[in-house]
**Student:** 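This is the structure, below, for whatever I ask next.
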Amino acid sequence: MTKNIKNNPNFIPYNPAEIEPKWQKIWEENELYKTPDTKKNKDNYFALTMFPYPSGDLHIGHWYAFTPADAHARYMRMKGYNVMHPQGFDAFGLPAENAAIERNINPKKWTFENINNMRRQFKLMGNSYDWHRELLTCTPEYYKWNQYFFLEMYSNGIAYRKDGPVWWDPIDQTTLANEQVKDGKSERSGAEVIKKMMPQWYLKITDYAEELLEMDELEWPDRIKNMQKNWIGKSNGVEINFDISHLSISEKTITTFTTRIDTIFGVTFLVLAPENKLVDLITTSEQKEAVESYKKLAISTSEIDRTSTERDKTGVFTGSYCKNPLNNEKVPIFIGDYVLSTYGTGAVMSVPGHDQRDYDFAQKYNLPIKIVISPPNWNGENLTEAYTGEGILVNSSSFDGLSSKLAIEKISNLIEKKNFGKKTITYHLRDWLISRQRYWGTPIPIMYDQNGEIHPVSKEDLPVILPDAKEFKPTGQSPLTLDEDFLSINHPKYGKMRRETDTMDTFVDSSWYHLRFASPNPQEKPFNKPKLDSWMPVHQYMGGAEHAVMHLLYARFFNKVLRDLGYFKFNEPYKRLFNQGVLLKDHQKISKRSNPLAPDPLVKEHGADAVRLYLMFLGPWDQGGDWSDESFNGITRWLKRIWNICTRDTSELIQENQKDDIYIKKLSHKTIKKVINDLKIFKFNTAISSLMEMTNLMNKFWDERKISQNAWKESIKIIILLLAPMAPHITEELWEKNGYKFSVHQENLPSWDENLAADEDITIIVQINGKLRDQFVINKNLEDKEIISLALNLEKIKNILESQEIKREIYVKEKLVNFVV
RNA sequence: GGGGGAGUGGUGAAAUGGCAGACACGCAUGCCUUAGGAGCAUGUGCCCAAAAGGCGUGGAGGUUCGAAUCCUCUCUCCCCCA
């Protein structure tokens with residue numbers, strides 16, 4: 001600080017606590033970030049971050065997600081786009097209700113208090129949000145359209161009600177969608193889920209499975225695309241029927257599904273799921289007792305245990321046999337709990353030679369193991385584990401010698417020709433279960449008459465308002481079942497009706513919110529089409545990878561449904577996606593309870609700009625990072641240096657034409673090029689480091705005093721502009737202090753001159769056998785030959801080469817010379 | 001078990017076929033200061049007292065004039081799926 005004080009007795013130190021609130025207020029008063037739907041000579045650019053759940057406080061993880069995203073939006077604005085960067089709250093969901101139960105607070109009140117607090121905290125970040133477009137999904141103006149789209153889907157067969165096995169979360173006391181179960185546990189509560197039979201509402205996402213696999217037009221990380229692809233889980237296979245006509249029951253065949261029909265000649269037994277309806281029909285009287293007791297055991301075992309690869313495979317013989325249609329071999333039929341009734345056909349053809357689970361089962365029950373696919377270098381010996389790879393067929397009658405690929409094709413064709421079965425495509429993806437037996441969500445707009453028949457609420461009667469409730473205890477039934485006023489309707493046409501009491505999965509809310517940001521207010525329609533078309537699809541979406549197979553898949557599905565219903569033409573909601581990494585502290589996840597890191601005190605002490613810059617400087621945004629209080633100092637020191645050089649009294653510099661002017665100019669242009677190219681691809685860390693380099697060198701230029709006032713001022717202007725997207729407050733203040741017109745955020749980024757950004761003097765590296773031995777500086781315009789001879793004449797190189805013979809000379813233009821000896 | 005990503009100083013990291021460690025933290029020494037969780041200067045990959053030199057991007061091999069970067073195998077960690 002001595003430097004400033006010496007140079008300028010009027011020096012005012014950097015005080016973020018004063019300037020940050022000041023500018024936040026001025027921005028708000030001037031509606032600086034209010035985004036018009038069109039702006040003359042500017043293209044629209046929709047920069048969206050995944051909106052938060054209003055859990056109460058914005059933690060540092062939110063800062064990590066939202067401030068670099070804002071820097072990118074600001075950067076695009078300064079590149080000349082009309083940028084919309086909206087924010088809202090994903091405001092329905094269980095925590096509100098759980099707070100109501102635990103602390104006896106009204107969920108609505110709790111939610112709105114949290115929203116108010118978080119909106120205040122959002123404003124501390126200095127983000128360029130257009131709050132005029134804010135949306136809260138828990139308001140009737142918003143959820144009315146959830147209901148509207150649900151009815152549209154219902155009348156088009158996409159929403160339907162079905163009784164069947166569902167995942168049940170015993171802590172949250174509600175059903176869950178398949179995507180919301182991870183490793184057999186509820187993604188939200190962490191409880192082990194159980195299977196229940198219940199009628200529930202579904203959306204037919206499986207109709208779109210094939211189209212959802214098409215991701216060519218998406219500029220998304222491959223990782224996310226792969227996760228979606230794996231989740232959809234398309235597999236090509238064959239359904240083949242094993243003959244049981246000799247058993248004299250109504251069923252004549254057992255259908256199994258396999259992706260490896262090339263192993264059909266290796267089938268030595270069949271395993272049915274214990275729940276398979278055929279089991280009772282085919283079990284012989286001798287086996288009845290054993291089968292019954294096994295079934296009881298299996299039903300009480302969790303699905304996770306049953307499919308665990310660690311667990312012993314068990315089963316019981318049914319006493320019956322079937323016939324392999326391809327070779328007429330007699331095949332014994334077992335039941336085993338590692339086969340699930342809910343996947344495929346509930347029966348598998350077991351090929352112990354080439355499937356590990358079948359191999360384990362065969363070992364345990366002494367069943368024959370037949371090898372029909374030859375592993376590489378196999379000479380007929382027995383295997384100690386299943387060979388699951390592809391190979392050449394053996395012991396497979398006329399198909400011997402074929403490759404697995406070819407055999408799959410030929411055998412499938414034969415099976416279809418002879419009517420033994422058919423080629424089938426299966427998907428891992430299940431229809432989206434959207435019913436939740438909880439209160440704080442969108443009521444499903446359905447009524448049941450006294451016969452239990454389904455009647456959709458008519459669109460004119462929307463929204464079905466979520467009533468205020470008094471009791472929220474999860475009982476396994478929606479708390480709405482306790483509200484008689486809500487529940488019973490006297491319908492003019494159908495008489496006494498009962499409302500559906502389940503509410504919608506909150507992922508419905510986030511499946512189309514981006515559309516509403518583009519067109520926030522129409523009361524009579526879900527959105528205004530010209531506005532929608534001018535903003536959509538979202539140009540840049542930013543958020544965490546945890547939503548890869550939930551939100552991101554649902555939103556793509558919703559987009560395609562609404563497209564097919566004629567609302568718009570675009571195929572995808574989010575054109576580009578960037579996933580930020582996870583922010584840790586002491587190598588651990590930051591959480592409210594165990595490892596807290598509250599941003600508000602940090603902002604109070606160091607300022608929002610410092611926190612923003614530190615988070616961006618940590619490392620590459622997509623890799624995440626580890627917060628450290630110690631390294632934070634680097635950024636606060638640098639901000640002080642920035643403040644210092646941008647507020648110096650320049651009167652002691654000569655006005656123009658000084659010796660080093662060209663060098664400070666070249667430095668500026670190099671930095672412009674580097675920062676602009678880095679921000680484009682979210683490399684904030686290296687953009688900041690090149691700005692640091694520039695400030696360090698500018699200090700040196702100042703100390704030498706061989707620069708003019710004009711050149712200095714020009715460089716100061718450039719540094720403020722380049723820093724503006726990342727540190728909006730300090731740059732606004734310095735912009736004003738340097739006499740420029742409000743606001744720096746409405747300026748364009750400077751452009752660079754390629755010639756100025758390039759180096760004139762080039763350092764040539766001299767290597768011998770690829771090892772660095774010396775280096776020298778040349779002028780750009782030298783001939784290749786001259787450069788090589790210069791290199792040969794270097795004292796060091798001469799000494800080393802004295803007793804050596806040069807075999808080869810390699811010259812890489814303007815980079816290096818390598819002598820091979 | 002399958003798929004994907006990562007592994008570089010004491011620390012966060014940079015370099016994506018051409019000077020390994022930019023930038024920053026920390027540390028050390030010095031200066032300034034009544035004081036410092038302030039500022040300034042210099043140094044800081046490892047080995048060697050220093051210089052010269054050698055070694056060095058998880059490990060082993062390969063391609064290349066040249067590899068952190070490309071290829072093969074392998075170890076460790078993280079994520080997704082079973």
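To find a chain, count down the sequence lines: A is the first, B the second, and so on, and within it residues start at 1.
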**Student:** Any side-chain N or O of A:Lys182 less than 4.0 Å from the OP1 or OP2 oxygen of B:C81?
**Tutor:**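 For B:C81, OP1 or OP2 has a side-chain N or O of A:Lys182 closer than 4.0 Å.
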
**Student:** B:A20 pairs with which nucleotide, Watson-Crick or G-U wobble, both distances below 3.5 Å?
**Tutor:**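 WC or wobble partner does not exist here.
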
**Student:** What I want to check is whether the side chains of A:Glu733 and A:Tyr14 have a donor and an acceptor closer together than 3.5 Å.
**Tutor:**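 Not at all, the side chains of A:Glu733 and A:Tyr14 share no donor-acceptor pair under 3.5 Å.
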
**Student:** Nearest to the side chain of A:Glu605, which nucleotide is it out of B:C23, B:G37, B:G66?
**Tutor:**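 Out of B:C23, B:G37, B:G66, the nucleotide with an atom closest to A:Glu605's side chain is B:G37.
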
**Student:** Can you tell me how far P in B:U57 sits from the matching atom in B:G9, rounded to whole Å?
**Tutor:**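 Taking atom P in both B:U57 and B:G9, they lie 10 Å apart.
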
**Student:** Is there, by distance only and without an angle test, a donor paired with an acceptor across the side chain of A:Asn230 and the base of B:C81 below 3.5 Å?
**Tutor:**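 In this structure, the two groups form no donor-acceptor pair.
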
**Student:** Tell me which of A:Asp222 and A:Lys683 sits closer to the 5' end of RNA chain B, going by the nucleotide each one is nearest to.
**Tutor:**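 Whichever sits nearer the 5' end wins; that is A:Asp222.
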
**Student:** Any chance the rings of A:Phe578 and A:Trp621 have centres within less than 6.0 Å?
**Tutor:**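 Ring-ring flag for A:Phe578/A:Trp621: true, centres closer than 6.0 Å.
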
**Student:** Starting at atom CD of A:Gln623, determine the distance to atom C1' of B:U8, rounded to an integer number of angstrom.
**Tutor:**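 In whole Å, B:U8 C1' lies 12 Å from A:Gln623 CD.
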
**Student:** Between A:Leu691 (CG) and B:A22 (P), how many Å, whole number?
**Tutor:**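 Whole-Å distance recorded here is 18 Å.
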
**Student:** When the P atoms of B:G37 and B:C27 are compared, how many Å lie between them, rounded to an integer?
**Tutor:**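 12 Å, rounded to whole Å.
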
**Student:** Would you call A:Glu652 and A:Arg705 a salt bridge, taking side-chain N to carboxylate O under 4.0 Å as the test?
**Tutor:**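 Between A:Arg705 and A:Glu652 there is a salt bridge, with a charged N closer than 4.0 Å to a carboxylate O.
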
**Student:** Applying a 3.5 Å limit to both distances, which nucleotide forms a Watson-Crick or G-U wobble pair with B:C77?
**Tutor:**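 The base-pairing partner of B:C77, which may sit in any strand shown, is B:G5.
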
**Student:** Output the rounded distance in Å from CD1 (A:Ile224) to C1' (B:C79).
**Tutor:**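 In whole Å, B:C79 C1' lies 10 Å from A:Ile224 CD1.
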
**Student:** Which whole-number value in Å describes the distance from A:Asp622 CG to B:A6 P?
**Tutor:**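 So the two atoms are 10 Å apart, to the nearest Å.
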
**Student:** In whole Å, what separates the C1' atom of B:G17 from that of B:G62?
**Tutor:**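 Looking at atom C1' only, B:G17 and B:G62 are 16 Å apart.
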
**Student:** Look at the side-chain N and O atoms of A:Arg637 and state whether any lies under 4.0 Å from the OP1 or OP2 oxygen of B:G26.
**Tutor:**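 Yes, such a contact exists.
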
**Student:** Does B:C79 have OP1 or OP2 under 4.0 Å away from a side-chain N or O of A:Asn579?
**Tutor:**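 No, outside the criterion.
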
**Student:** Which one is paired to B:G10, where only Watson-Crick or G-U wobble pairs with both distances under 3.5 angstrom count?
**Tutor:**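 When the pairing criteria are applied, B:C25 turns out to be the nucleotide that pairs with B:G10.
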
**Student:** With syn defined as a glycosidic angle within 90° of 0 and anti as everything else, classify B:G9.
**Tutor:**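 It is syn.
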
**Student:** Would you measure the distance from the C1' atom in B:C19 across to the matching atom in B:G3 and give it in whole Å?
**Tutor:**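 Approximately 38 Å lies between the C1' atom of B:C19 and that of B:G3.
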
**Student:** Whole angstrom is fine here: how far is it from CG in A:Asp626 over to C1' in B:C25?
**Tutor:**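 Going from A:Asp626 (CG) to B:C25 (C1'), I get 13 Å.
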
**Student:** Suppose you measure atom C1' in B:G12 against the same atom in B:G18; what distance do you get, rounded to whole Å?
**Tutor:**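 Per the computed distance, 27 Å lies between those C1' atoms.
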
**Student:** Go through the steps to decide whether A:Ser628 and A:Ser631 satisfy the test side-chain hydrogen bond (donor to acceptor under 3.5 Å, both in side chains), and finish with yes or no.
**Tutor:** CA-CA 6 Å; A:Ser628 136; A:Ser631 16; 2.7 Å; yes

**Student:** Determine the contact category for A:Ser628: base if any of its heavy atoms lies under 4.0 Å from a base atom, sugar-phosphate if only primed atoms, P, OP1 or OP2 are that close, otherwise nothing.
**Tutor:**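 A:Ser628: no heavy atom of the nucleic acid under 4.0 Å.
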
**Student:** Measure the distance from NZ on A:Lys640 to P on B:G36 and round it to the nearest whole Å.
**Tutor:**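 These atoms are roughly 16 Å apart.
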
**Student:** Name the closest nucleotide to the A:Phe617 side chain, picking from B:C25, B:A24, B:G4.
**Tutor:**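 The nucleotide sitting nearest to the side chain is B:A24.
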
**Student:** Would you mind pulling out the nucleotide paired to B:U57, Watson-Crick or G-U wobble, both distances under 3.5 Å?
**Tutor:**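 Here B:U57 is not engaged in any pair, so there is no nucleotide opposite it.
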
**Student:** Compare the minimum distances between each of B:C65, B:A14, B:G4 and the side chain of A:Pro620, then state the nucleotide with the smallest one.
**Tutor:**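 For the A:Pro620 side chain, the nearest candidate turns out to be B:A14.
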
**Student:** What integer distance in Å separates A:Arg260:CZ from B:G2:C1'?
**Tutor:**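 It works out to 14 Å between those atoms.
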
**Student:** Do A:Phe632 and A:Trp627 have their ring centres less than 6.0 Å from each other?
**Tutor:**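 Ring-ring flag for A:Phe632/A:Trp627: true, centres closer than 6.0 Å.
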
**Student:** Evaluate whether atom NZ of A:Lys195 has more than 12 neighbouring non-hydrogen atoms of other residues, nucleotides or ligands under 6.0 angstrom away.
**Tutor:**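 Enclosed.
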
**Student:** Would you indicate what A:Leu618 reaches in the nucleic acid, counting non-hydrogen atoms under 4.0 angstrom: base, sugar-phosphate, or nothing?
**Tutor:**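 It contacts sugar-phosphate atoms only.
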
**Student:** Could you tell me how far B:G54 sits from B:C31 if I compare only their C1' atoms? Round to whole Å.
**Tutor:**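 Going atom to atom, C1' in each nucleotide, I get 37 Å.
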
**Student:** Mark yes when over 12 heavy atoms from residues, nucleotides or ligands other than A:Glu18 sit less than 6.0 Å from its CD; otherwise mark no.
**Tutor:**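 Count not over threshold, so no.
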
**Student:** Sticking with atom P, work out how far B:G66 lies from B:G56, rounded to a whole angstrom.
**Tutor:**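 Going atom to atom, P in each nucleotide, I get 16 Å.
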
**Student:** Please determine whether a side-chain nitrogen of the Lys or Arg among A:Glu390 and A:Arg260 lies less than 4.0 Å from a carboxylate oxygen of the Asp or Glu.
**Tutor:**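 No, A:Glu390 and A:Arg260 are not salt-bridged.
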
**Student:** Within the 4.0 Å heavy-atom criterion, would you say A:Ser631 contacts the bases, only the backbone, or no part of the nucleic acid?
**Tutor:**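 Contact class for A:Ser631: sugar-phosphate only.
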
**Student:** How far does the C1' atom of B:G21 sit from the matching atom of B:U69, given to the nearest Å?
**Tutor:**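 One C1' to the other, the span is 15 Å.
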
**Student:** Which base sits across from B:C40 as a Watson-Crick or G-U pair, both distances under 3.5 Å?
**Tutor:**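 Here B:C40 is engaged in a pair, and the nucleotide opposite it is B:G30.
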
**Student:** Counting just side-chain N and O atoms, does A:Asn685 come under 4.0 Å of either OP1 or OP2 of B:C23?
**Tutor:**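 Negative; the distance criterion is not met.
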
**Student:** Between atom CZ in A:Phe632 and atom P in B:C23, what is the gap in whole Å?
**Tutor:**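 After rounding, the gap between these two atoms is 21 Å.
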
**Student:** How is A:Lys674 classified with respect to the nucleic acid when contacts are heavy atoms under 4.0 Å: base, sugar-phosphate, or nothing?
**Tutor:**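 A:Lys674: no heavy atom of the nucleic acid under 4.0 Å.
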
**Student:** Quick one: on RNA chain B, does A:Asn633 or A:His428 contact a more 5' nucleotide (nearest heavy atom)?
**Tutor:**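 Residue closer to the 5' terminus by nearest nucleotide: A:Asn633.
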
**Student:** Can you tell me if A:Arg641 touches the phosphate of B:A24, counting only side-chain N or O atoms and a distance under 4.0 Å to OP1 or OP2?
**Tutor:**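 The answer is yes; a side-chain N or O of A:Arg641 sits under 4.0 Å from OP1 or OP2.
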
